[in-house]
Structures are given as structure tokens and as C-alpha cells.
Amino acid sequence: MERHVDISFDIDRFMEGSGRVDLSDIVWEDVPKHRLTPEALRTVKYFHQTESFTFYYLKGLMATRAAQQEPEFAPFLCAWAYEEEFHGRAFLKFMEAY
């Protein structure tokens with residue numbers, strides 16, 4: 001029995017909702033007051049690297065057949081890379097405040 005999965009993706013909805021992460025409600029001066037375990041701090045550093053290095057994956061992904069044949073793929077990658085850059089900056093700001 002063959003199953004079909006609905007993989008429709010509303011690129012317009014995604015693009016309209018895309019943007020930088022909002023950090024305006026964070027009290028950065030309070031960050032050092034909340035101590036992290038070494039494991040948690042290691043995880044924050046890992047996520048900083050993961051989010052910040054997304055840009056380097058973009059080149060490889062843009063060279064794929066999907067990026068060339070699927071009209072929604074390239075805009076998605078651009079928005080994704082933009083968002084991930086600011087996620088990386090948020091983790092860096094947290095670590096600097098910590």
C-alpha cells in the first residue's frame with residue numbers, strides 16, 4: 001500500500017513570518033545571576049556554533065538540484081540563513097552577558 005504525505009509548504013506564509021529573533025524582553029544584566037551547569041554552558045556554546053555556521057552550509061545547499069528545480073527552495077534557504085545568523089548572534093550575546 002502506497003502512502004502519500006502532504007508536503008505542501010506555504011512559502012509566502014513562511015516569508016511573511018520570517019525575521020530576526022526578538023530579544024527586547026531579555027534583561028541582559030540578569031543573565032549572570034542564573035548560573036548554568038558546565039553541561040548547559042557547553043550546550044549553549046554548541047548551539048551558538050551550529051546557528052552561526054549555517055551560512056557555510058548554504059553554498060552546498062544552493063548547488064543541489066532541489067535549489068535549482070524547486071521554486072520555493074531558494075527563498076526558504078535565504079530566509080533560513082538570515083534567521084540562523086541572528087540566532088547565532090543571540091547565543092553570542094547571551095554568552096557575553098553570562
E72 CD to D12 CG distance, which is reported to the nearest 0.5 Å = 8.0 Å
Compare all side-chain heavy atoms of L23 with those of F86 and state whether any distance is below 4.5 angstrom.
-> no
Just grab all the side chain to side chain donor-acceptor pair (under 3.5 Å) pairs involving residues 86-98, residues at least two apart or on different chains.
-> R35-Y98, E51-H87, E84-H87, E85-R89
State whether the number of non-hydrogen atoms from other residues, nucleotides or ligands found under 6.0 Å of F47 atom CZ is greater than 12.
-> no
Assess whether atom CD of E16 is packed by more than 12 heavy atoms of other residues, nucleotides or ligands within 6.0 Å.
-> no
Is there a donor-acceptor pair closer than 3.5 Å between any side-chain N or O of S18 and the backbone N or O of F14?
-> no
For T50, does its backbone N or O pair with a side-chain atom of T54 as donor and acceptor, under 3.5 Å?
-> yes
Atom CZ in F73, atom CD in Q68: separation rounded to 0.5 Å?
-> 10.5 Å
Are M15 and L77 in one and the same hydrophobic cluster, where Ile, Leu, Val, Met, Phe, Trp and Tyr link if side-chain heavy atoms are under 4.5 Å apart?
-> yes
Can you find a heavy atom in the side chain of F94 that is under 4.5 Å from one in the side chain of I26?
-> no
Y82 with F53, same ILVMFWY side-chain cluster at under 4.5 Å | no
Separation between CG (L61) and CH2 (W80), nearest 0.5 Å, reads 5.5 Å
So, S52 side chain and Q49 main chain: donor-acceptor pair closer than 3.5 Å or not?
-> no
Side-chain contact, heavy-atom cut-off 4.5 Å: M95 with K45?
-> yes
Looking only at heavy atoms, what is the nearest atom pair of M62 and A74, with distance?
-> CE-CB, 3.9 Å
